[in-house]
Amino acid sequence: IAGITQAPTSQILAAGRRMTLRCTQDMRHNAMYWYRQDLGLGLRLIHYSNTAGTTGKGEVPDGYSVSRANTDDFPLTLASAVPSQTSVYFCASSDSSETSGVNEQFFGPGTRLTVL
Amino acid sequence: GQNIDQPTEMTATEGAIVQINCTYQTSGFNGLFWYQQHAGEAPTFLSYNVLDGLEEKGRFSSFLSRSKGYSYLLLKELQMKDSASYLCAVTDGDYKLSFGAGTTVTVRA
């Protein structure tokens with residue numbers, strides 16, 4: 001694989017069910033991020049990880065959890081899905097080391113999640 | 001917190017120039033990014049400004065004034081493939097990005 005991948009591409013989920021969205025990158029980036037994108041609201045940060053073993057809360061973390069056991073993977077879990085979590089979810093990564101310059105984020109293709 | 005404003009929609013003719021403005025009020029500032037996002041696709045990086053002035057990259061240019069909290073993205077010689085959403089984002093010292101809601105640009109023949 002090259003870049004950043006997400007799975008599944010899309011999912012329809014019953015309210016109350018547990019769901020894990022997967023994200024894997026092969027660029028050896030230290031930082032990874034999860035966003036949700038809703039019409040009219042733009043991209044909002046859910047959780048982030050600056051390096052393997054550490055995570056932090058973004059703007060809209062409630063109802064979501066993440067883990068970062070290694071550099072490549074950053075799964076996002078919805079413990080008990082609710083309809084307001086219907087959205088498009090994007091995973092991103094960046095090389096945030098001091099010497100890497102611009103530090104732009106690279107985005108995965110997204111997961112379209114519908115909670116009924 | 002971060003407050004980032006950009007127009008919702010803009011329409012322009014093929015071959016023309018369009019300028020997308022972005023104003024921001026942020027608690028910290030370590031650079032401003034512009035991303036392009038085609039419908040149904042992921043955002044892709046266009047430009048980065050951290051110092052005042054103009055950065056030119058082919059048909060696209062981005063300008064920053066830190067004292068005014070203002071940036072613009074200039075798209076020249078518009079092509080149909082430039083129809084997309086353009087996202088302004090500000091990064092704080094912790095490398096996290098805060099995005100505006102995006103500007104949808106429609107290019108008409």
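Because only heavy atoms are used, hydrogens play no part in the values below, and waters and symmetry mates are left out as well, while side chains stay in. These figures come from a predicted structure and were not determined experimentally. Labels below follow one simple rule: chain letters A, B, ... track the order of the sequence lines, proteins then strands, and each chain is numbered from 1.
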For this session: Below 4.5 Å from any heavy atom of chain B, which atoms of A/D38 appear? Answer side chain, backbone, both or neither.
Result: neither
Problem set entry | Distance in Å, B/Y70 OH paired with B/L32 CG, rounded so as to fall on 0.5 Å steps | 11.5 Å
Problem set entry | Distance-only polar pair, side chains of A/T77 and A/T20, donor-acceptor under 3.5 Å | yes
For this session: Using a strict 4.0 Å threshold on nitrogen-to-oxygen distance, state whether A/D72 and A/R28 make a salt bridge.
Result: yes
For this session: Give, as side chain, backbone, both or neither, the part of A/L43 having an atom under 4.5 angstrom from any heavy atom of chain B.
Result: both
Seminar exercise, completed: Assert top hit (heavy-atom pairs under 4.5 Å, partner chain B, pool A/G58, A/G42, A/P109) equals A/G42
Exercise. Rounded to the nearest 0.5 Å, what separation is found between the OG atom of A/S67 and the CZ atom of A/F74?
Worked result: 8.0 Å
Exercise. Atom NZ of B/K68 and atom OG1 of B/T23: how far apart are they, to the nearest 0.5 Å?
Worked result: 13.0 Å
Exercise. At a heavy-atom separation under 4.5 Å, does A/E59 approach chain B through its side chain, its backbone, both, or neither?
Worked result: neither
Exercise. Does any heavy atom of chain A fall under 4.5 Å from the side chain of B/I4, the backbone, both, or neither of them?
Worked result: neither
